[in-house]
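Written out below as structure tokens is the structure these notes cover.
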Protein chains: 2
Amino acid sequence: MAKESGMAGTGGRAAGARYRQLAADLREAIASGAYGAGGRLPSEEELAQRYAVSRGTVRQALTVLRANGLVTSRRGTRRVVLGTARTQSFFELLSFTHWARSIGEEPGGRTIDVECRPADPSECEQLALEPGAPIYRVLRLRTLSRVPTMIERTLYPERVGAMIAGLETDAVSHTEPLADLGVVFADAEHTIDLVHADTEDARLLGCAAGGPLIRERRRVTDPAGTPLAWSEDRFLPGTVAFTVHNSVATTALSRRRA
Amino acid sequence: MAKESGMAGTGGRAAGARYRQLAADLREAIASGAYGAGGRLPSEEELAQRYAVSRGTVRQALTVLRANGLVTSRRGTRRVVLGTARTQSFFELLSFTHWARSIGEEPGGRTIDVECRPADPSECEQLALEPGAPIYRVLRLRTLSRVPTMIERTLYPERVGAMIAGLETDAVSHTEPLADLGVVFADAEHTIDLVHADTEDARLLGCAAGGPLIRERRRVTDPAGTPLAWSEDRFLPGTVAFTVHNSVATTALSRRRA
DNA sequence: TGATCCAAGTTGTACAGCCAACTCCACCAC
DNA sequence: GTGGTGGAGTTGGCTGTACAACTTGGATCA
């Protein structure tokens, strides 16, 4: 169970790196209440022995848990369990479909419009394209258990958009097929604020024009930093909330003047 | 410049750890455009030599930049500059005052009400107190350049609240004095959604009752995981937006059913 | 010309060790 | 009892080494 040292290419495909397996293991243990709420984790040394890895690997795993807000970490004392936090995967944030399923709702999607046209200057900047490059624009109405919940307007560069255009018009998920086709999502930047419904929003969501909506804009890139999509979602009030964990060690959240 | 190995307690107080200094250095270099937008960073080895540190330390610094969404990072190729993102400090997220100044506005605050009373059950849970423990509740109206912008309702456990109660009633910042008194903020969990103004909100902010507001609730803890404050801020529409960076490596953001 | 292959370069993962800084508790002196 | 001291235990920070996995571009070959 702990023979080869620098492996990862042998057979254990699933979770890949040891520290990820360890992190997953610890996450599960915490979620199951093995250490109790507010309880203390074993020392790094002890974990290293128990899992037959080096202390460095243990620390790597714990860094992940720390970033997710599961445990504290301060010099001189053992780590304390902060919460049994629901760690949502990166993927669940990109895919409305995936998210809906994870909370036990039935996702739905109706594609209202797909167009391919030259990008305007601001769109070029968002997707890092040269002026006039073609883009695909997709407009969809998303539902949770048949109830209209969100309007999704997404821009894709041609390379990605062409794949989307090839999907059936009533496909529930657009993100999953892309992943299957080899598109790798790596980073995203989300901006959350409040807007008022325009007439199109109002018509599709069945709310009053001018009524408040929660807006989430996001820019998704691949591992090389190339933009893959620029999306704007508008949720009806009361359907969604966003939670961010944040610490002195890693600050992922920032606040801006609107 | 690279003599002592395990130092940190000698003289270089300011930034503390070497990897933090390095991270700050690189962040500044990126912000100044030294590597260009979309440019490539020097290799880890080269940075290690240039700064006279080990590769491990360089990697630690780069991990910080990666979590902040400043650079990509993939096996086989050099890191690419993603954006010159202004990384806001953790502190700027906790302190309205600090934030206002960082965006060049004049922060203002008027304390409307301070009370000390036994906590109700839900409050006890948020602050991890035993039933009936005393808490301080502070209600404040915050302004940006004299314009009402946000309503802040904060609960403090007795230990912290007592310090707040000792401040002058017209103090602009409450967070900064606490830091000066030795209170250390380490982690925060923020939840962002949309609410409708109640009559108190409407009266203080000068908006219509029932009008939409952006709500940010946050729970702040110290390094040991002890809750220090539970706060609910309600912003007028159009005054603020929240941005989160998020990657497959570290997922700090999650989405919930409201 | 065009596809294939290889080698250099680069990051990811893991190991081992060392010391500093800090927390916490038991013990002791007063 | 009270306060201080010291030491064991624990995490933070840094160095060094080794190899695996991957990207990229140039050389080679059909």
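Lettering of chains follows the sequences in order, A, B, ..., and the numbering in each one begins at 1.
The side chain of B:Ser54 sits closest to D:dG16 out of D:dG16, C:dT13, C:dC15. Here C:dC15 is the nucleotide among D:dC14, C:dC15, C:dT13 with the atom lying nearest to any side-chain atom of A:Thr57.
Each of B:Arg66 and A:Val58 lies near DNA chain C, and the nucleotide nearest B:Arg66 is the one positioned closer to the 5' end.
Side-chain atoms of A:Ser32 come within 3.5 Å of backbone atoms of A:Ala29 as a donor-acceptor pair (strictly under, hydrogens ignored).
Ion pairing between a basic and an acidic side chain is recognised when a charged N comes within 4.0 Å of a carboxylate O; B:Glu45 and B:Arg50 show no such pairing. Salt bridge status for A:Glu232 with A:Arg217: absent, with no side-chain N to carboxylate O gap under 4.0 Å.
Between B:Val138 and B:His174 the shortest side-chain heavy-atom distance falls below 4.5 Å.
Between the CG atom of A:Leu47 and the P atom of C:dA14 there is a distance of 15 Å, given to the nearest Å. Remark: C1' of C:dC15 and CD of A:Gln49 are 15 Å apart, rounded to the nearest angstrom. Here the C1' atom of nucleotide D:dC14 and the OH atom of B:Tyr51 are 18 Å apart, to the nearest Å.
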Detail all sub-3.5 Å separations between protein N/O atoms and N/O atoms belonging to nucleotides 8-11 of chain C.
| from | atom 1 | to | atom 2 | distance (Å) |
| --- | --- | --- | --- | --- |
| C:dG9 | N2 | B:Gly76 | O | 3.0 |
| C:dT10 | OP1 | B:Arg78 | NE | 3.0 |
| C:dT10 | OP1 | B:Arg78 | NH2 | 2.2 |
| C:dT11 | OP2 | B:Glu44 | N | 3.0 |

Output a table of nitrogen or oxygen pairs between the protein and nucleotides 5-7 of chain C separated by less than 3.5 Å.
none

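No hydrogens or angles considered: a donor-acceptor pair under 3.5 Å links the side chains of B:Gln126 and B:Trp230. At a cut-off of 3.5 Å, with distance as the only test, a side-chain donor of B:Thr243 or A:Thr191 sits close to an acceptor on the other residue.
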>> Show, in sequence, the C-alpha distance, side-chain angles and deciding distance for B:Glu176 and B:Arg101, and conclude whether the salt bridge (Lys or Arg N to Asp or Glu O under 4.0 Å) test is met.
In response: CA-CA 13 Å; B:Glu176 287 172 356; B:Arg101 290 197 185 117; 3.6 Å; yes
Report, one line per pair, each donor and acceptor closer than 3.5 Å where one atom sits in a side chain of residues 65-78 of chain B; sequence neighbours left out.
| from | atom 1 | to | atom 2 | distance (Å) |
| --- | --- | --- | --- | --- |
| B:Arg66 | NH1 | A:Asp187 | OD2 | 3.3 |
| B:Asn68 | ND2 | B:Thr87 | OG1 | 3.3 |
| B:Thr72 | OG1 | B:Val80 | N | 3.1 |

